[in-house]
Every structure is written in C-alpha cells, then in structure tokens.
Amino acid sequence: MPKLNKLKQRIKECDMNYKALASAIGISVSAFNNKINGRSAFDIIEASALSSILDISPQEITIFFT
C-alpha cells in the first residue's frame, strides 16, 4: 500500500484526477478507484499508460507499481 500512496502523491503533483486518468487508460472510475486503493492491481498496460501520463520513467516504475 505505501507504493500506492506514492502514486497518489504523483497524481496530485501532476494536478490530475481519478476521472481523467481512468478515462485516459480506458477503465471506469470505479475500477480506477479499486486499483488505486489496493483492492485490485493495475495491469502492465495500465501501469505503462499511467507512467506515460504521469511522467514516470522506466527506472521509477518499481517505486510506484510493485
């Protein structure tokens, strides 16, 4: 869960919201909320898309998604 807190912080730093991110990666807001709160996991495609949107480098991915 601590890594999800880092992801939440990055979302705030980028001035993004869950609705916009969910739409950008092609999932519902409800599904995004479940994933960001640890009830389910982001798949590799979703994590890759979020990394691109949130300017997370390949070297940083493990900080946010593992």
Side-chain angles (χ1 to χ4, degrees):
M1 188 71 151
K3 293 188 180 208
L4 291 175
N5 288 335
K6 290 181 184 197
L7 183 57
K8 290 176 185 180
Q9 183 61 37
R10 178 59 70 98
I11 291 167
K12 287 180 187 177
E13 290 169 2
C14 292
D15 198 30
M16 298 292 295
N17 61 59
Y18 294 175
K19 183 177 180 180
L21 290 171
S23 178
I25 65 172
I27 63 174
S28 69
V29 176
S30 176
F32 189 89
N33 190 51
N34 284 335
K35 292 170 189 266
I36 199 72
N37 288 304
R39 290 188 284 275
S40 61
F42 289 103
D43 67 29
I44 191 71
I45 295 169
E46 295 162 346
S48 178
L50 285 173
S51 294
S52 178
I53 295 164
L54 299 173
D55 196 30
I56 296 170
S57 72
Q59 295 80 14
E60 295 176 302
I61 287 177
T62 58
I63 294 171
F64 296 94
F65 293 103
T66 58

Nearest-0.5 Å distance that lies between atom OG in Ser51 and atom CD1 in Ile44: 8.0 Å

Which heavy atom of Lys35 sits nearest to which heavy atom of Ala41, and what is that distance? NZ-O, 3.0 Å

How close do Ile56 and Ile61 get, heavy atom to heavy atom, and via which atoms? CG2-N, 4.0 Å

Between Ser28 and Ala22 the two heavy atoms that sit nearest each other are O-CB, 3.7 Å

Using the six-membered ring wherever Trp is involved, compare the ring planes of Phe65 and Phe42 and label them parallel, tilted or perpendicular (cut-offs 30° and 60°). perpendicular

Between Asp55 and Arg10 the two heavy atoms that sit nearest each other are O-NH1, 3.0 Å

Say whether Leu50 and Val29 are linked into one hydrophobic cluster, either directly or through other cluster members, by side-chain heavy-atom distances under 4.5 angstrom. no

So which heavy atom on Met16 is nearest to which on Ile53, and how close? CE-CG2, 4.0 Å

Heavy-atom closest contact (Asn37 atom, Lys8 atom, distance): OD1-NZ, 3.0 Å

Apply the test side-chain contact (heavy atoms from CB on, under 4.5 Å) to residues Asn33 and Arg39: give CA-CA distance (whole Å), side-chain angles for both, the deciding distance (0.1 Å), then the verdict. CA-CA 8 Å; Asn33 190 51; Arg39 290 188 284 275; 3.3 Å; yes

Start with the C-alpha distance between Leu21 and Glu46, add both sets of side-chain angles, then the distance that settles side-chain contact (heavy atoms from CB on, under 4.5 Å), and finish with yes or no. CA-CA 10 Å; Leu21 290 171; Glu46 295 162 346; over 6 Å; no

